[in-house]
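Shown next, in structure tokens, is the structure this report addresses.
Here the structure is a predicted model, which means the values were calculated and not measured. Numbers restart at 1 for each chain; the letters A, B, ... are given by sequence-line order, proteins then strands.
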Amino acid sequence: MTTTTSRGGVAIDCGHLVRDDRVHTSLYKDPAIFDQELDRIFRNTWVWVAHESDVPKANTFKTSWVGNQPVIVTRDKTDTIHVLLNRCRHRAASVCEKKKGKSSVFVCPYHGWSYGVDGALRKVPHASGYQSEPEKAELSLVSLRVETYNGMIFATFKDDIEPLVDFLGPAKKWIDLFMKQGAGFGVKTLGEHKFRFPGNWKIQLENTTDAYHFPIVHKTFLDSLDAETENIFDVLGHGGWVENLGNGHSVMVMIPDLIDLEDNLDAPIPDRFADLAAELVAEGHDDATVRKVVRAVGGTGFNLNLFPNVACSMAFFRVLRPVAVDETEITHVAIGMDEGPVAGNRMRLRLHEHFQGPMGFGTPDDAEGWERVQRGAAAGDDLWIMVNRGVDAPEGAAEAGHDAGDVSAETGMRAAYQQWKRMMTA
Amino acid sequence: MSTEAMTATVDAAEAFGAMQFIWREAEILDRLDYKAWLPLWTQDGLYIIPTELGVKDHADALNVAYDNAEMREARVKRLRSGFSMSASPPARTVRTVSRFVFERDGDVLVVRSAMQIAEYKFERLRTIAADVEHHLEAAEGGQWQIGRKIVTLINADDYLHGIGYLF
């Protein structure tokens, strides 16, 4: 059956490229499939654009992306968040080239058309030069549909899509648990590491719920930890699990003890956090706060993968952006406690730097692994990527009725690829 | 500080000695001789690679690296271990350090320089540029030690790639 894409091209039949236990390497290599993904996936579902703390007050903004389209995330005086295509309606020049900031107006630098933070066209210089005054109401910046859940801002080009909360479904519970690392102060972004790797975006998507690689790829990270912490990160065979949450989302529980950060607050403070606890006491925080912060400082014990482009991963947001079929940009967003203790946030920054970022003890090895997948995928035109691991039942507490496997299972990848198949063949 | 004041406080011999020290460090890093790199530092030295330009308070900001002695040692151990995929084999690098400016801050000689690194791996040649600030402290035998090194990449606030070596 030949179908067409929304932009008029001939659609590729992708159904046979995804089986239950394997996917074809053309998914990493075929530029036509990549174009179809932008169309059928990234322009057709909820895509993460920012965290609410990135636009904390009226007239603050942050530039971001929906698929390969540049957008501006803004907040207006009524606290409404807007996601606007960063493209003047006159000649398409970008109207904002800053990463973030404060502005009540976006002025196109080319011919001076100006727009409000809700996207409305405000002024056109020398408007009398037009034969008829431009229909201002029709020339707002293109505004996407926006919904938020627990601080996470998503946007979509698809007006008739299901509400965000329905799309997230069982993932909502895990988002709520993830945000407990605000330790009662709320979650706030603290900075970003951004890097690219020469490989397809789905290689990274697979990685977030892949505990199987962890002890091998991240041996040098594990070796850099004290014995107690290393023990905590010894995740294989200690009750963790991977669970398919529907709609391509999945969760990998690595450290079952750290699912709910409000549990076990009476437990003794671990030695490695003794200095932090002392510093928090010196900052004047009460015992309950100190315990909450110490328990939450290293993040949660799970990675939540939200299809297609964001993960809530232990202590940070991991955002992917497809740049080309063989080029992907990753942003690791460090998060901390909004108005929280200085010492606590400082420790979170140092922990983030330890693993994440272009020179972290973990990230460069992930990036090298992903690049090698792309390089190896060049070896032959009829190769398959195996995602069949997961014969063991989960040891942990997956939701009854959910598809789940042990912590090293490839359940999350299969969940993502089945959603990919649904969307690419719809 | 005016150029006149700077040249008045740092004499030519001292400036040349500092340049030689920084070039030697550059060569050690290109040779991946990280064991020889560690003793170049003071015990409380800080190795900082920011993610934003113009940051003053690095301790409360996110950095690519913010290493005290313990983290520098752990980093060297990791890179030398043979178990880090990104550093085994590592990219080859050749770096040039130049455009030195000297300033005296009490006992500390502050040297600002420009660095360019050519990086080669997987048939791919990349160029990385950075402003570098060394805070040098006098050590025994007329040598210098690094009390602080801040490497501000020209694209610090933009995307980088996985890096399996040191700046």
Region of A:His218 in contact with chain B, defined by heavy-atom distances below 4.5 Å: neither
Taking every heavy atom of B:Ala74 against every heavy atom of A:Ser224, the minimum-distance pair comes out as CB-CB, 4.3 Å
Turns out that what part of B:Ala61 lies under 4.5 Å from chain A's heavy atoms comes down to backbone
Under 4.5 Å from any heavy atom of chain A - which part of B:Phe122: both
Tell me whether A:Phe273 at atom CZ has more than 12 heavy atoms from other residues, nucleotides or ligands lying less than 6.0 Å away. yes
Check whether A:His193 gets within reach of chain B through its side chain, its backbone, both or neither, counting any heavy atom under 4.5 Å. both
Residue by residue, which of residues 369-380 of chain A have a heavy atom closer than 4.5 Å to a heavy atom belonging to chain B? A:Gly369, A:Glu371, A:Arg372, A:Arg375
Whether A:Arg350 engages the ring of B:Tyr66 as a cation-pi pair (distance to the six-membered ring centre under 6.0 angstrom, angle to the ring normal within 45°) should be assessed. yes
More than 12 heavy atoms of other groups within 6.0 Å of B:Gln116 CD: no
Taking the side chain as C-beta and beyond, is there a heavy-atom pair between A:Asp365 and B:Arg78 under 4.5 Å? yes
What option among A:Arg196, A:Glu192, A:Arg348, A:Gln356 has the most heavy-atom pairs under 4.5 Å with chain B? A:Arg196
Could you tell me which of B:Asp157, B:Ile49, B:Asn63, B:Thr51 has the largest number of non-hydrogen atom pairs under 4.5 Å with chain A? B:Asn63
Verify the neighbour count for atom NZ of A:Lys188: are there more than 12 heavy atoms of other residues, nucleotides or ligands below 6.0 Å? no
B:Asp60 and A:Arg346 ion-paired at < 4.0 Å: yes
Report, as yes or no, whether the 6.0 Å neighbourhood of atom CD on A:Glu228 holds more than 12 heavy atoms from other residues, nucleotides or ligands. yes
For the interface with chain A, which of B:Arg75, B:Glu73, B:Glu52, B:Glu70 has the highest count of heavy-atom pairs at distances below 4.5 Å? B:Arg75
If you take all heavy atoms of A:Leu190 and B:Leu62, which pair is closest and at what distance? O-CB, 4.2 Å
Using a 6.0 Å cut-off, check whether atom CG of A:Leu222 has over 12 heavy atoms from anything other than its own residue. yes
Counting only heavy atoms closer than 4.5 Å, note whether B:Ser84 contacts chain A via side chain, backbone, both or neither. both
Answer yes or no: does atom CG of A:Asp226 have more than 12 heavy-atom neighbours from other residues, nucleotides or ligands under 6.0 Å? yes
Any side-chain heavy-atom pair of B:Arg124 and A:Pro198 under 4.5 Å: yes
Does some side-chain heavy atom of A:Thr220 sit less than 4.5 Å from a side-chain heavy atom of B:Lys77? no
Salt-bridge criterion met for B:Lys121 and A:Glu368 (N-O under 4.0 Å): yes
Using a 4.5 Å heavy-atom cutoff, which residues in residues 309-340 of chain A come close to chain B? A:Glu327, A:Glu329, A:Ala334
Got a second to check how far B:Leu79's CG is from A:Phe361's CZ, nearest 0.5 Å? 7.5 Å
Within a reach of under 6.0 Å around NZ of A:Lys29, are more than 12 heavy atoms found that belong to other residues, nucleotides or ligands? yes
Among A:Gly360, A:Gly191, A:Gly357, A:Pro358, residue most engaged with chain B (heavy-atom pairs, under 4.5 Å): A:Pro358
Kindly compute the distance separating CD (A:Glu353) from CG (B:Asp67), expressed to the nearest 0.5 Å. 8.0 Å
Would you say that more than 12 heavy atoms from the other residues, nucleotides or ligands in this model lie under 6.0 Å from the CG of B:Asp33, or not? yes
